[in-house]
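Fair warning: this is a prediction, and the values are worked out from it, not measured in the lab. By convention in this document, chain letters (A, B, ...) are assigned in the order of the sequence lines, proteins followed by strands, and residues within each chain are numbered from 1.
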2 protein chains.
Amino acid sequence: MTSDQLSLCLGTNPVVVRRSMGFLRRAKIVCSDRGHAGGWRICRDLATITLRDLYAALEEPEVFALGHRSEAPECLVEQAVNAALDQAFAEAEALLLQRMGEVTLADLAEDFTRRHAARSARQGEHTHDT
Amino acid sequence: MTSDQLSLCLGTNPVVVRRSMGFLRRAKIVCSDRGHAGGWRICRDLATITLRDLYAALEEPEVFALGHRSEAPECLVEQAVNAALDQAFAEAEALLLQRMGEVTLADLAEDFTRRHAARSARQGEHTHDT
DNA sequence: CGAATCGTAACATATAAAGTTACATGAAAA
DNA sequence: TTTTCATGTAACTTTATATGTTACGATTCG
């Protein structure tokens with residue numbers, strides 16, 4: 001698909017798509033072809049790509065919205081709070097990343113297919129009714 | 001302490017302090033007194049206040065920086081991704097909140113005291129050297 | 001009364017994410 | 001070879017949000 005097509009699907013802008021897909025290209029998850037009939041392709045087996053890979057490739061801001069105000073604060077109160085929460089944040093992040101690592105694009109494709117069939121069935125029903 | 005004093009400690013603005021402390025007041029964690037000699041007081045035993053209580057009271061944006069673009073998307077791809085991650089997010093958030101619920105302000109006060117003593121000792125040493 | 005303090009509305013500023021424009025580069029088709 | 005259609009990317013604009021600021025009313029104590 002081209003950046004223009006993707007931007008329509010995603011309700012955004014082609015340049016924004018190129019910006020994000022660029023990260024995936026550098027991570028060797030997608031390939032891009034320039035020129036006529038060019039665009040974006042997934043260049044690895046869907047079963048080998050996990051949501052964790054995508055997250056890592058996109059370098060999204062951070063897992064948590066909460067975080068330290070500063071990494072090595074002089075303030076002793078802040079130091080105490082950081083010390084108390086560092087472990088908790090690390091554990092929660094590790095858990096989340098592990099779960100993301102367990103979901104492949106192949107899994108999602110399968111689920112999508114199921115959902116698509118279900119929607120089609122519902123629409124068929126509805127068409128039959130009217 | 002007054003909002004002005006707190007804002008100096010925190011490197012921010014007195015109105016910002018009132019805004020945040022207002023949430024803690026509504027959660028009955030702190031009390032405020034107006035007028036002369038007024039200001040803010042913690043109005044519960046430190047051992048009964050956890051970081052989770054503070055987080056809940058402050059209604060911070062969200063635990064995670066990542067999240068759903070929309071809660072009930074029409075897009076089937078988005079539905080599949082949400083379904084795959086909902087459980088993971090819920091687990092990680094529960095773990096984090098549990099850990100936050102295990103840390104009381106009394107714990108933090110104790111840790112602060114220890115750090116303060118350590119710093120004083122280091123400064124004493126240093127003074128002794130020079 | 002008057003100074004000190006919170007409560008809150010209204011407005012200003014800063015920052016980052018997203019969107020936009022513009023154009024160079026590259027590749028296939030005519 | 002020229003045209004057309006893509007990506008790659010820099011520069012700028014817009015938008016959203018958190019933060020900071022000003023202003024002033026309400027309350028309390030001396």
Six-ring centre of A:F23, A:R26 cation under 6.0 angstrom, axis tolerance 45°: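 So A:R26 does make the cation-pi contact.
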
Say whether [X] and [Y] are linked into one hydrophobic cluster, either directly or through other cluster members, by side-chain heavy-atom distances under 4.5 angstrom.
X     : Y     : result
A:V15 : A:L8  : no
A:V16 : A:V30 : no
B:L54 : B:M1  : yes

Is it the case that the base of D:dT9 and the side chain of A:R25 share a donor-acceptor contact (distance under 3.5 Å, atom types as modelled)?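 Check fails, no donor-acceptor contact within cut-off.
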
Separation of atom [atom1] in [X] from atom [atom2] in [N], rounded to whole Å:
X     : N      : atom1 : atom2 : answer
A:M21 : D:dT9  : CE    : P     : 14 Å
A:R19 : C:dT20 : CZ    : C1'   : 9 Å
B:Q5  : C:dA4  : CD    : C1'   : 12 Å
B:M1  : C:dA4  : CE    : C1'   : 16 Å
A:R18 : C:dA17 : CZ    : P     : 21 Å
B:R41 : C:dT5  : CZ    : P     : 15 Å
B:W40 : C:dT5  : CH2   : P     : 13 Å
A:N13 : D:dG8  : CG    : P     : 15 Å

To the nearest 0.5 angstrom, please state how far the CG atom of B:L76 sits from the CZ atom of A:R119.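 Rounded to the nearest 0.5 Å, the CG-CZ separation comes out at 4.0 Å.
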
Under the 3.5 angstrom rule, does the side chain of B:N82 hit a backbone N or O of B:Q79 as a donor-acceptor pair?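 Such a contact is absent between B:N82 side chain and B:Q79 backbone.
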
With a cut-off of less than 4.0 Å, is there a side-chain N or O of B:T12 near OP1 or OP2 of D:dG20?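 Answer is yes, contact under 4.0 Å.
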
Is there a side-chain contact between B:S3 and the phosphate of C:dC6, meaning an N or O under 4.0 Å from OP1 or OP2?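 Yes, B:S3 has a side-chain N/O under 4.0 Å of OP1/OP2 on C:dC6.
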
Residue-level proximity of residues 28-38 of chain A to DNA chain C when a heavy atom falls under 4.0 Å: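 Result for residues 28-38 of chain A: A:R34, A:G35, A:H36, sorted by number.
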
Criterion side-chain contact (heavy atoms from CB on, under 4.5 Å) against A:L51, the qualifying member of A:L108, A:D107, A:L97: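 The residue from A:L108, A:D107, A:L97 that satisfies side-chain contact (heavy atoms from CB on, under 4.5 Å) with A:L51 turns out to be A:L108.
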
